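Just follow the structure's listing: the first ligand is 1, and inside any ligand the first atom is 1. Here the structure is a predicted model, which means the values were calculated and not measured. In this chain, numbering begins with 1 at the start of the sequence shown.
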Amino acid sequence: MTRHASGAAEFLADAPRAAWHDQSLWFFRQKRDKASAIPEWEALRQAASALKTHAMSRLGELLEEFERNATANGVQVHWARNAQEHNEIVLGILRASNVTRVSKSKSMLTEECGLNPFLEASGIEVVDTDLGERIVQLAKQPPSHIVAPAIHWKREEVGELFHRTLGSPKGETSPAALAAVARRHLRDALLNAGAGITGANAIVAETGGVVVVTNEGNADLGMHSAPIHIACVGIEKVIATKDDLGVLLRLLARSATGQPMSSYTAHVASPKPGGAMHVVLVDNGRTARLADAAMRPALHCIRCGACLNTCPVYRRSGGYSYGHVIQGPIGAILAPAVDLEAHSSLPFASTLCGSCADVCPVKIDIPAQLLAWRARTAAAGKLPRGYSVIFSLLGWVLARLGRYERSARWARRFQRMLPATLVARLAGPWTRPGRALPVIADETFREWARREGKRS
Ligand code: SF4
């Protein structure tokens with residue numbers, strides 16, 4: 001089994017959790033459908049796609065414009081070629097001000113760079129202040145979803161975790177009571193931090209400003225209560241103007257959580273009086289992706305999570321099965337660019353149903369990129385074990401209609417000849433517990449159509 005398949009099998013072994021995970025994400029998807037039912041939705045998507053394409057085509061210029069404007073506003077801008085440089089820059093800023101405790105709002109970039117373990121190994125305490133992020137941090141897990149990091153956790157488990165780590169009453173499962181426990185704990189971390197680290201949903205070249213969107217207000221509290229604000233930003237987050245920002249903000253919350261607008265949107269362009277503000281611009285492989293014309297659109301991603309919520313594979317295999325910091329369909333096209341060998345199974349972790357492309361607010365054609373990665377994986381000789389044999393056989397079978405129909409008949413006969421216990425054992429890793437391997441249909445669709453006298 002491939003790495004993704006074995007991760008998915010592990011996730012599916014807990015059938016009630018898998019069903020509940022599937023339903024929770026589908027709930028997000030349904031909310032997104034309602035929120036996106038505005039007449040200008042497709043025009044907004046088209047505009048977002050165009051403005052992102054434009055920004056990527058002028059990436060260097062826009063970043064320099066951002067740096068000029070941010071510097072003029074009193075912000076210190078740093079450039080990091082890779083994760084190591086990013087982490088060292090952040091540590092250098094903290095050490096220069098003797099900071100030993102930082103609050104951090106949700107940032108997939110800092111996850112990508114492994115900032116938390118790096119700072120902790122250097123004696124800095126890091127408290128993630130997004131509730132879901134704090135839950136997985138206390139549990140020593142990575143996020144399993146880019147927008148809802150603890151989507152795989154049940155409230156009973158959160159109650160147990162808070163009892164163990166934060167001293168809340170045992171057996172507490174009320175969401176309001178658990179939120180109150182988290183609120184008290186996080187307020188203390190936010191108000192006593194020497195620096196507030198945030199990510200950024202966008203940076204605006206025209207203003208030199210950093211835009212951070214949350215529903216909990218934790219980023220705002222973190223960056224305003226601490227004397228130092230450090231924003232860690234992937235270079236692909238730059239956009240040209242405030243008007244462009246308006247387009248993205250209308251799409252982002254609707255796509256992510258089905259809200260017309262997130263609760264808090266901060267556009268921070270300068271340090272607070274007496275404080276310091278740093279922006280760390282991080283490449284970490286992005287310019288290489290920019291140079292790859294076929295894969296460049298993956299840089300347009302605004303990390304809304306809509307493609308994860310709609311994906312039938314992600315919903316039923318869980319975030320950890322992807323083995324990458326970004327999960328789901330977008331993760332499956334970003335991860336191979338980082339390490340093709342380690343993530344060679346991810347481009348195949350898709351039915352190519354196209355739902356991800358349908359919901360993507362910036363119109364990334366994810367299925368086309370998945371197919372391109374499949375071809376590249378095969379050309380590089382990095383197909384997961386057994387795939388080349390399976391695909392050669394399938395290609396041979398599907399090349400001729402008669403061959404396909406004969407093969408279907410043989411497969412049916414073969415399945416019926418096998419003892420039921422053996423079929424169940426063979427199918428075990430690929431079926432949910434308690435479910436039998438689906439019986440191969442008695443006839444192909446074409447055979448059925450012929451028998452019914454229909455055109456096929
Ligand atoms: S690929 Fe599109 S749908 Fe998926 S997270 Fe990125 S912007 Fe959202």
Side-chain angles (χ1 to χ4, degrees), residues 25-26 28-33 35-36 41-42 44-56 106-109 111-112 132 143-149 151 199-202 211 213 233-239 244-245 247-259 262 286 289-290 294-315 317 319 322 324-338 343 346-347 349-373:
L25 290 159
W26 190 246
F28 274 133
R29 162 68 208 261
Q30 288 174 314
K31 278 181 71 189
R32 172 258 169 219
D33 288 352
S36 62
W41 183 252
E42 284 309 317
L44 281 170
R45 288 179 77 214
Q46 194 55 48
S49 173
L51 75 88
K52 278 293 198 176
T53 304
H54 173 247
M56 289 309 110
K106 197 156 74 57
S107 153
M108 293 315 292
L109 178 82
E111 293 290 334
E112 173 187 327
S144 77
H145 184 289
I146 56 178
V147 173
I151 187 75
N201 294 85
V211 181
V213 177
V233 189
I235 54 173
E236 84 285 11
K237 290 289 170 69
V238 72
I239 53 173
D244 291 350
L245 180 63
V247 173
L248 292 187
L249 290 179
R250 293 201 70 201
L251 290 161
L252 178 62
R254 285 183 163 87
S255 302
T257 50
Q259 296 163 274
S262 299
R286 286 160 175 77
R289 229 169 281 154
L290 187 72
M295 303 303 176
R296 189 179 301 159
L299 289 171
H300 299 182
C301 175
I302 58 172
R303 304 285 191 271
C304 71
C307 59
L308 282 71
N309 301 341
T310 200
C311 177
V313 176
Y314 173 82
R315 285 191 277 117
S317 57
Y322 289 81
H324 183 58
V325 66
I326 308 284
Q327 318 80 12
I330 180 65
I333 58 175
L334 291 176
V338 178
H343 302 295
L346 292 189
S350 168
T351 61
L352 298 180
C353 67
S355 187
C356 47
D358 288 345
V359 297
C360 178
V362 288
K363 300 190 82 163
I364 301 173
D365 190 348
I366 298 175
Q369 296 218 358
L370 287 167
L371 275 174
W373 274 118

In chain order, what residues pass the salt bridge (Lys or Arg N to Asp or Glu O under 4.0 Å) check against E112, with sequence neighbours excluded?
R286
Just to verify, what does A372 make a side chain to side chain contact (heavy atoms under 4.5 Å, CB included) with, not counting sequence neighbours?
M295
Is a donor on one side and an acceptor on the other found under 3.5 Å between the side chain of Q327 and the backbone of P143?
yes
Contact check, I366 vs ligand 1, heavy-atom distance below 4.0 Å:
yes
For the backbone of V147 and the side chain of R303, can you confirm whether one donor and one acceptor N or O come within less than 3.5 Å of each other?
no
Every N, O or S from the protein that is nearer than 2.8 Å to atom 8 (Fe) of ligand 1
C304 SG
Under the side chain to side chain contact (heavy atoms under 4.5 Å, CB included) rule, collect the residues that match up with A337, sequence neighbours excluded.
R289, W373
Under a plain distance cut-off of 3.5 Å, with no hydrogens placed, do S36 and R254 share a side-chain donor-acceptor pair?
no
